[in-house]
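Have a look at the structure below before the remarks.
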Amino acid sequence: MASTKTDLLTVVEPAPDRRPDLLGLTRPNLEALLDRVGVGRKHAKRVFRGLHGRRLPLHAIPDLGRHAAVIADATRQASVTVESSQRSDDGTEKLVFRMADGARVEGVLIPMRAGRVTLCVSSQVGCAMACRFCATGTMGLSRGLEAGEIVAQVHAAIERVAASGDQLRNIVFMGMGEPLHHYPATRDAVRILRDDAGPCFKARHITVSTVGVVPKMRQFARDFDGRVQLALSLHAGTDATRQAIIPLAARYDMAALRRACLDHPLPGTRKLMIEYVVLPGVNDGEAEIDALAEWTRDLPCLVNLIPFNPFVGAPFRAPTAAEVTRVGAQLRGRRVPHSIRWPRGRGVAGACGQLALEGVAAN
Ligand code: SAH
């Protein structure tokens, strides 16, 4: 505690807690910490399994004895709670997660086939990228989430999904924020989520979506050998159009993005995912689609067409279903593999690009 003495009163300000967040420690980092505090790395797997595999609080992990108190002293255990939830008619559920400091982010649970559920997770409170078609972009960035705060969202989602007898199968970093603008936390969270003593998600069941931070795309490729699914939010075929809707496009052009994608290792039958928000009159013309087809040439990828989801004040309109299928037909004509991701969760503003915490200040 830092205290400042004045004549009349003593102002006591809590010092920032610089201890590492226990849930954000990868297994090697946990081993190093346990060595440092004298507990010994031989306990790391058991602690990790307790925390991440069984989602137990530290004191409930069996047979830790006095070590539990030592570990508790050396770390923080930030809590993430589900503050509210809203279910859409299509079964999609939007969650508001509250961090220990009161910051809020949103997540979306999306039921897939056979009781399997996908979680759309947030990596930042708000976002600095300011893409013109994205509601989160209008908020600006408050802060990045720590790895432990990302992992804790997943823990909360696992519990919630299991309570209804389903299984959380996929994690997509497509909630609030740009995961590669905040890479170390994203990387550590992915490492923890994949750990076989932890939640043990398969690499191909984790997707990190980026607006195209090229150096970090390359870093991500190196760190995960291309095993964790990469999605690139491309949204245009030409630099002119991309720059008109994505400020970051001024920094990394289509050629640089294409080189990073061509260099991205793709084990087995893996493909890159290319996201393309359909903005009628902006990025759906013949010339644009020609350029997109050319850009994807020789790149093992699947173009995901996402109909633009409108939000209040958005400078674009939603495409009609016919306008979206027309883009699909244009791609088919050019032999570009694609699929259409019809929106889900619109009823609760939980669809792509609609996550902006209406009426709730993210503090
Ligand atoms: N920052 C990351 C991840 C968050 S957005 C990224 O840009 O990829 C997840 C996906 O939703 C991205 O492909 C994004 O471009 C798309 N998206 C954003 N706003 C949208 C909107 N209003 N309608 C449809 N998709 C949108």
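Counting convention: from 1, in listed order, for ligands and their atoms alike. Side chains are part of it too, since the values below use all heavy atoms of this structure and drop only hydrogens, waters and symmetry mates. What you see is a predicted model, and the numbers here were worked out from it, not measured in a lab.
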Do Tyr276 and His338 make the cut of ring centroids closer than 6.0 angstrom?
-> no

Quick one: does Phe311 get an N or O within less than 3.5 Å of an N or O on ligand 1?
-> no

Backbone or side chain, does any N or O of Met174 fall under 3.5 Å from an N or O of ligand 1?
-> no

So which of [options] gets nearest to [atom], if we judge by its closest heavy atom?
atom: atom 6 (C) of ligand 1; options: Ala314, Ser233, Ala318; answer: Ser233
atom: atom 14 (C) of ligand 1; options: His235, Glu275, His181, Gln124; answer: His235
atom: atom 23 (N) of ligand 1; options: Val277, Leu234, Asn309, Leu279; answer: Asn309

Can you name the atoms of ligand 1, numbered from 1 with element, that are less than 4.0 Å from a heavy atom of [X]?
X: Pro307; value: 24 (C)
X: Ile306; value: 24 (C), 25 (N)
X: Cys134; value: 18 (C), 19 (N)
X: Gly175; value: 4 (C)
X: Gly177; value: 1 (N), 2 (C), 3 (C), 4 (C)
X: Val211; value: 6 (C), 7 (O), 8 (O)
X: Phe173; value: 3 (C)

If only atom types and distance count, is the side chain of [X] paired as donor or acceptor with the main-chain N or O of [Y] below 3.5 Å?
X: Glu106; Y: Met176; result: no
X: Asn283; Y: Val277; result: yes
X: Asp21; Y: Leu23; result: yes

So the salt bridge (Lys or Arg N to Asp or Glu O under 4.0 Å) pairs with at least one residue in residues 297-315 (sequence neighbours excluded) are Glu294-Arg297

Parallel, tilted or perpendicular: which describes the rings of Phe308 and Phe316, with under 30° parallel and over 60° perpendicular?
-> perpendicular

Can a salt bridge be assigned to the pair Asp253 and Arg242 using a cut-off of 4.0 Å between side-chain N and carboxylate O?
-> no

Quick one: list whatever passes salt bridge (Lys or Arg N to Asp or Glu O under 4.0 Å) with Asp239, sequence neighbours left out.
-> none

Answer with side chain, backbone, both or neither: which part of Thr210 has a heavy atom less than 4.0 angstrom from an atom of ligand 1?
-> backbone

Check whether any side-chain heavy atom of Leu299 lies under 4.5 Å from a side-chain heavy atom of Cys261, and answer yes or no.
-> yes

